Amino acid sequence: KQRAVNNWDYERLILEEFPFVYKVNCINNYCRNKYAPGQVTVVPIVNLKNKGDVNIDLQPPRASYWDLRKMESYLNTKTSPFVKLHAVNPGINKVLVRSKVRLRNGKDRGFYLRMLNDELVCFLTPWAARGGEVLSFSAKVYLSSIISFIDSKDYVEFVTGMEMNQYKEDE
């Protein structure tokens, strides 16, 4: 009925009105990392596929400031006047991975280390993957999954000294 009452309504209205949005999450009674009664936060993930920009691959899937304001404005016409609405981009954490890798005999060190780095970046940034990897709002990266990914490569003999650090955007 084109009214926003619950989370499902907010999410479907955004997906219908803004075709560049791939996925959206709605959080009730939440604003700026704290409980806030009467406030609704909408978090869209933008579809970056087929954008045509060569350097777009590593950009996080974020909406522009103006697109976020348009979403707020659109939803404000569909919801109760007592609801305070916020549209924000998803928080994306950065991961720094360090390890020692032994390549199989006869493999060019420079070429295969570069290839491994590129494949690892695609593994850790699902929006950059061409295979249509599904994005999640609560994805977790485990050190064991990274070790398993690296070890699965046919040019890698073994992995040692694995270290992973996670950073928030403001750090």
Side-chain angles (χ1 to χ4, degrees), residues 4-80 82-99 116-150 162-171:
V5 177
N6 59 28
N7 289 355
W8 190 88
D9 296 335
Y10 285 102
E11 292 168 2
R12 294 304 164 261
L13 285 169
I14 289 291
L15 290 172
E16 288 173 7
E17 184 69 18
F18 300 95
F20 59 87
V21 175
Y22 169 72
K23 198 179 234 185
V24 65
N25 194 12
C26 179
I27 309 166
N28 284 332
N29 300 321
Y30 176 85
C31 180
R32 295 184 182 91
N33 297 326
K34 62 182 177 181
Y35 177 74
Q39 301 197 30
V40 175
T41 300
V42 175
V43 184
I45 292 180
V46 175
N47 186 4
L48 294 178
K49 303 228 183 285
N50 302 323
K51 287 288 190 178
D53 188 358
V54 175
N55 296 322
I56 206 162
D57 281 350
L58 297 179
Q59 293 178 2
R62 296 183 170 186
S64 71
Y65 173 82
W66 296 112
D67 287 335
L68 293 172
R69 300 301 74 81
K70 285 179 193 174
M71 289 177 201
E72 287 177 357
S73 175
Y74 173 72
L75 288 175
N76 279 328
T77 65
K78 307 286 183 186
T79 191
S80 165
F82 302 107
V83 172
K84 176 68 176 153
L85 193 77
H86 308 279
V88 298
N89 280 311
I92 297 176
N93 294 337
K94 298 182 185 222
V95 177
L96 176 65
V97 176
R98 290 187 184 130
S99 71
L116 179 62
N117 186 60
D118 292 344
E119 289 174 345
L120 193 56
V121 167
C122 284
F123 177 71
L124 294 172
T125 54
W127 58 85
R130 298 279 183 220
E133 185 91 16
V134 176
L135 293 174
S136 171
F137 282 99
S138 59
K140 294 182 181 178
V141 178
Y142 296 101
L143 188 61
S144 60
S145 65
I146 295 174
I147 292 171
S148 178
F149 175 79
I150 293 172
M162 196 67 171
E163 179 183 327
M164 181 173 76
N165 296 316
Q166 179 180 353
Y167 301 96
K168 292 188 179 185
E169 290 177 305
D170 58 348
E171 293 178 346

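Just so it is clear, the model here is predicted, and its values are computed rather than measured. Atoms considered below: every heavy atom in the structure, side chains included; atoms not considered: hydrogens, waters and symmetry mates.
For Ser64, the side chain to side chain donor-acceptor pair (under 3.5 Å) test picks out Asp67, with sequence neighbours left out. The side chain to side chain donor-acceptor pair (under 3.5 Å) check on Glu119 picks up Tyr155, with sequence neighbours excluded. Partners of Phe149 under the ring pair (Phe, Tyr, Trp, His ring centres under 6.0 Å) rule, at least two apart in sequence or in another chain, are Phe123. Taking Arg98 as the reference, Glu163 meet the salt bridge (charged side-chain N to carboxylate O under 4.0 Å, His left out) condition, with sequence neighbours excluded. Applying the side chain to side chain donor-acceptor pair (under 3.5 Å) rule to Asn7 yields the partners Asn28; only residues at least two apart in sequence or on another chain are considered. A search for side chain to side chain contact (heavy atoms under 4.5 Å, CB included) contacts involving Phe82 returns Ser80, not counting sequence neighbours. Partners of Leu124 by side chain to side chain contact (heavy atoms under 4.5 Å, CB included), not counting sequence neighbours, listed by chain and number: Val97, Leu120, Val141, Ile146. A search for side chain to side chain contact (heavy atoms under 4.5 Å, CB included) contacts involving Val88 returns Thr41, Val43, not counting sequence neighbours. When the side chain to side chain donor-acceptor pair (under 3.5 Å) test is applied to Asp118, no partner is found at least two apart in sequence or on another chain.
Legend: side chain to side chain donor-acceptor pair (under 3.5 Å) pairs involving residues 8-20, not counting sequence neighbours, sorted by first then second residue: Tyr10-Thr79. Applying the side chain to side chain donor-acceptor pair (under 3.5 Å) rule to pairs touching residues 139-149 yields nothing, sequence neighbours excluded. Judged as a salt bridge (Lys or Arg N to Asp or Glu O under 4.0 Å), not a single pair has a partner in residues 35-45 (not counting sequence neighbours).
In this structure, the side chains of Asn47 and Phe20 stay at 4.5 Å or more apart for every pair of heavy atoms.
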